Amino acid sequence: MQFSYSWLKTQADTHLSADEFGHLLTMSGLEVEEAETAAPAFSGVVVAEVKSVEKHPDADRLNVTQVDAGTGGLIQIVCGAPNVKPGIKVPCALPGAVLPSNFKIKPTKMRGQVSNGMLCSTDELGLPDDGVNGLHILPDDAPVGENLRNYLDLDDTVFTLKITPNRTDCLSIKGLARETAALTGCAFRQPQIQTASINSGKIQPVRIDAPEDCGRFLSRVIENVNAQAATPDWMKQRLARSGVRSISALVDIGNYVMLEIGQPMHVFDADKLSGSIIVRRATEGETLACLNEKTVTLSDNTLVIADEKGALSMAGLMGGEASAVSDGTRNIVLESAWFAPEIIAGKSRQYGFGSDSSFRFERGVDFELQRDAIERASELVLQICGGQAGEIVEAVGKLPERKTVSVRTKRVAKLLGVAIDEARIENILASLGLQPQKISDGLQVTSPSFRYDIEIEADLIEEIARVYGYENIPDDYTSGRLKMMALPETRRPRFDVYRQLAARAYQEVVSYAFVNEQWEQDFAANSHPIRLQNPLAAQYSVMRSTLIGGLVEILQNNLNRKQNRVRVFEIARVFRKDSDGRFIQNERIGGLVYGSALPEQWGEKSRPVDFYDIKGDVEELLAGKHAQFVKAEHPALHPGRTAEIKINGKTVGFIGELHPQWLQKYDLPQAPLVFEVDMAAVLEQEKTVYRPVSKFQPSRRDLAFVLPESTGYAELHAALSSVRSPLIQEIALFDVYRGTGLPDNMKSMAVKIMLQDMEATLTDEAVEPLIAELIKAAESAGAQLRG
């Protein structure tokens, strides 16, 4: 929202300086993004009248003028502007004047003729372009000799506010004036709107066929207007300082009313309408040529203003070209309506363009403002363009219901930490136009039509805090001591994980949670990912269910920058739906390694990183847990080089080499290895249990088993571990043999069994039955003791 401070003061005459006012607005929640004067600094420029113009004797494009600048006599100024002529009033920079960019004016000679000043254009003064080629022409009643900055109010401050979506009431001068009066205590002077005299019998019938979408629609016919009438300079100035370009008087009046009181309006050429105006949903595939020179195909979720022949405009968004006013317009229809925010919201994105009207309607316009707006617009049309006004025709649909909200005085004190007198609270609410009424334990208000955001008690308390002043609320009520609670012994500190991976040469990365849909198909075989309704871009259209896509993209970026050894990890959330359609998010840790196993050096031969390198990293990450790596398949990984990670029989992640087809698709010279594990499983740890060291000697037994190539050590280990005995301290693989002496497709695995008794020396009588039980357990897994 951009506005002129001088215009605001016509409705709320605060005596604060521009800097003080800007600070006050920001502290009350209306953030000031920018504040600048209406024109750059310059001095010594006055209003002057050109008395005579003669051709320069020695220059074809120059004129010698005699100018009255209020100095007591005529001044000779040489001027090259094409529009200079006797009788016009223009800005004149007298000798000693300093124009923008520190351009100083002094008497000079131009081709032999003395020039005692300079007649100025808007460009030379740093003013908004008026579209005139030459001097800036001032009104005929401009007082000669008057300082131009005073006459044009060029020391006015133009504020640009960042209005939050819930404060649509502050998107107008009227709303800002109401807010200013509440914050400063100055008088709030609402615009006095004159009711138009009815001297035309013509009316425009209206009908609402979509009452849920349009709560109120008013129309008024004004006949015999002069569409070519000039927009007054005062209106042009206010529009320009609000960031709105002047187009024509009729269009400017609609924009002016919107800025002044907050109601967007539209003007139709009455002679281009056919029958009644109808507010309805568009027919799917219906087309409309818009004022922005675009022809759009409408969807049935779009509300339109139509006549008996077809759509005239997109409600609240953009007018149609066919019914637009022009210089030849004689009769007009003024439209003032209230549209439900839900029907306007999202249409700017849907059709690729928006407007000041849609910006307001989609946030919610005051639903009691339409009659005032059409009367104010009628007043200005009759004043500037003339004509005869007809009766207002009104159609009503479904309007919002006002909410009754209570606020307790004690609750205000509890939430804000400061006791505010009930009379002060009542005065604050009254100044905001909320009309409070006393109840037993506080005050009650009925939310006004211009405040959609007043719904619960906390909303009122927020308003009280804003006007009371956040800086007036002492901060000692919020002070306190925070004691860090110790983590339970069964939970590992998060930063231990970061430090552990960093110690193994991994670097942390952060990637988007929104990913390319193709990644989900490639790396997770997820054909139904969670889709975003309004994605930032096409490549960020779904939520990720795996971290692999982001890690592969980061690898590509590194390879493009000649980084040939990459070790990265990310700790982040992934998203999926369960069988009931509910959204579930889990935190996972993912890692990727690529390139050589060790940095380039003389002490070790270079070799590519392999499955067992990254498996060692994961085992270190899961140290202290009974982790198993079981052969598995995964859509992202190589079929024969993939394993599930299980802890106590529960799958917590996967590990493996990227599938060869993705190497080709993503242009990777070498296969990276990746892992992904539930973060909860990594952070969980067993409680430390202390036990004495045995003073008795351990016993080692080595067992070699012959088993099929398809059987992994994990299966053998699981079988051996099923034998429960306090004597078994360790089971570990120490040799694998394939070759002579073994049948085809068979291998030998040698396992060491460490046995130890905490209370006595081991004997064969205790060990042999246990070894026999272990051999029997191995046989259940398809292994035979090697002879």
Side-chain angles (χ1 to χ4, degrees), residues 500 504 597 610-632 641-653 655-656 675 677 681-682 685-686 688-739 741-742 746-758 761-764 766-787:
Q500 188 176 36
R504 299 182 77 86
D610 61 25
F611 179 89
Y612 295 101
D613 291 312
I614 194 170
K615 179 173 178 284
D617 295 336
V618 175
E619 286 178 326
E620 182 68 21
L621 197 62
L622 300 175
K625 303 175 177 66
H626 300 294
Q628 293 178 299
F629 296 81
V630 181
K631 182 180 178 181
R641 301 171 188 173
T642 304
E644 282 185 338
I645 304 171
K646 292 188 174 185
I647 297 178
N648 298 327
K650 179 183 177 182
T651 300
V652 298
I655 182 174
F675 71 83
V677 186
V682 175
Q685 63 183 12
E686 294 183 5
T688 303
V689 177
Y690 297 94
R691 62 182 182 180
V693 177
S694 175
K695 60 182 179 180
F696 300 99
Q697 291 287 336
S699 175
R700 169 173 173 163
R701 294 293 177 92
D702 294 341
L703 301 175
F705 296 99
V706 177
L707 62 165
E709 281 284 1
S710 60
T711 304
Y713 173 65
E715 297 170 61
L716 176 61
H717 185 272
L720 294 173
S721 299
S722 65
V723 177
R724 304 293 183 181
S725 171
L727 300 182
I728 301 175
Q729 303 299 315
E730 182 183 3
I731 300 173
L733 177 69
F734 69 88
D735 184 51
V736 178
Y737 173 76
R738 297 176 178 89
L742 294 178
M746 302 294 282
K747 61 184 175 184
S748 170
M749 288 187 171
V751 179
K752 70 173 181 178
I753 312 294
M754 297 299 299
L755 306 169
Q756 189 174 35
D757 193 336
M758 305 298 293
T761 301
L762 287 174
T763 64
D764 289 341
V767 171
E768 292 304 331
L770 186 56
I771 295 299
E773 190 175 353
L774 288 168
I775 293 171
K776 185 177 181 181
E779 290 173 350
S780 67
Q784 296 294 326
L785 188 67
R786 185 179 176 187

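Start at 1 with the first residue, then count along the sequence. Fair warning: this is a prediction, and the values are worked out from it, not measured in the lab.
- Taking CD from E768 and CG from L770, the interatomic distance works out to 9.5 Å, rounded to the nearest 0.5 Å.
- When side chains are defined from C-beta on, Q729 does not count as touching L755, because their heavy atoms never get closer than 4.5 Å.
- Atom NZ of K625 is separated from atom CD1 of I645 by 12.0 Å, given to the nearest 0.5 angstrom.
- For the pair K615 and E620, the salt-bridge criterion is not met [side-chain N within less than 4.0 Å of a carboxylate O].
- Salt-bridge check for K631 with E644: failed, with every basic side-chain N at 4.0 Å or more from each acidic carboxylate O.
- Here the CG-CD1 distance, from L727 to I771, works out to 10.0 Å after rounding to the nearest 0.5 Å.
- Looking at S748, its side chain never comes within 3.5 Å of a backbone N or O of V706 through a donor-acceptor pair.
- Between V751 and D702 the shortest side-chain heavy-atom distance does not fall below 4.5 Å.
- No donor-acceptor pair under 3.5 Å is formed between the side chain of Q628 and the backbone N or O of I647.
- Within 6.0 Å of the CD atom in Q697, the count of heavy atoms belonging to other residues, nucleotides or ligands does not exceed 12.
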Show which side-chain atoms of residues 713-723 pair as donor or acceptor with protein atoms under 3.5 Å away, not counting sequence neighbours.
from	atom 1	to	atom 2	distance (Å)
Y713	OH	L733	N	3.4
E715	OE2	G712	N	3.4
H717	ND1	S721	OG	3.3
S721	OG	H717	O	2.8
S722	OG	A719	O	2.4

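- Between R504 and D617, at least one side-chain nitrogen of the basic residue sits less than 4.0 Å from a carboxylate oxygen of the acidic one, meeting the salt-bridge criterion.
- Interatomic distance, NZ of K747 versus OG1 of T711, reported as 7.0 Å (0.5 Å rounding).
- Ion pairing of D735 with R786 is absent here, as no side-chain N (NZ or NE/NH1/NH2) approaches a carboxylate O to less than 4.0 Å.
- In this structure, CD1 on I655 lies 9.5 Å from OG1 on T642, to the nearest 0.5 angstrom.
- Atom OH of Y612 has 12 or fewer heavy atoms from other residues, nucleotides or ligands within 6.0 Å.
- Between L742 and Y737 there is a side-chain heavy-atom pair separated by less than 4.5 Å.
- To the nearest 0.5 Å, the span separating CZ on R700 from CD1 on I753 amounts to 9.5 Å.
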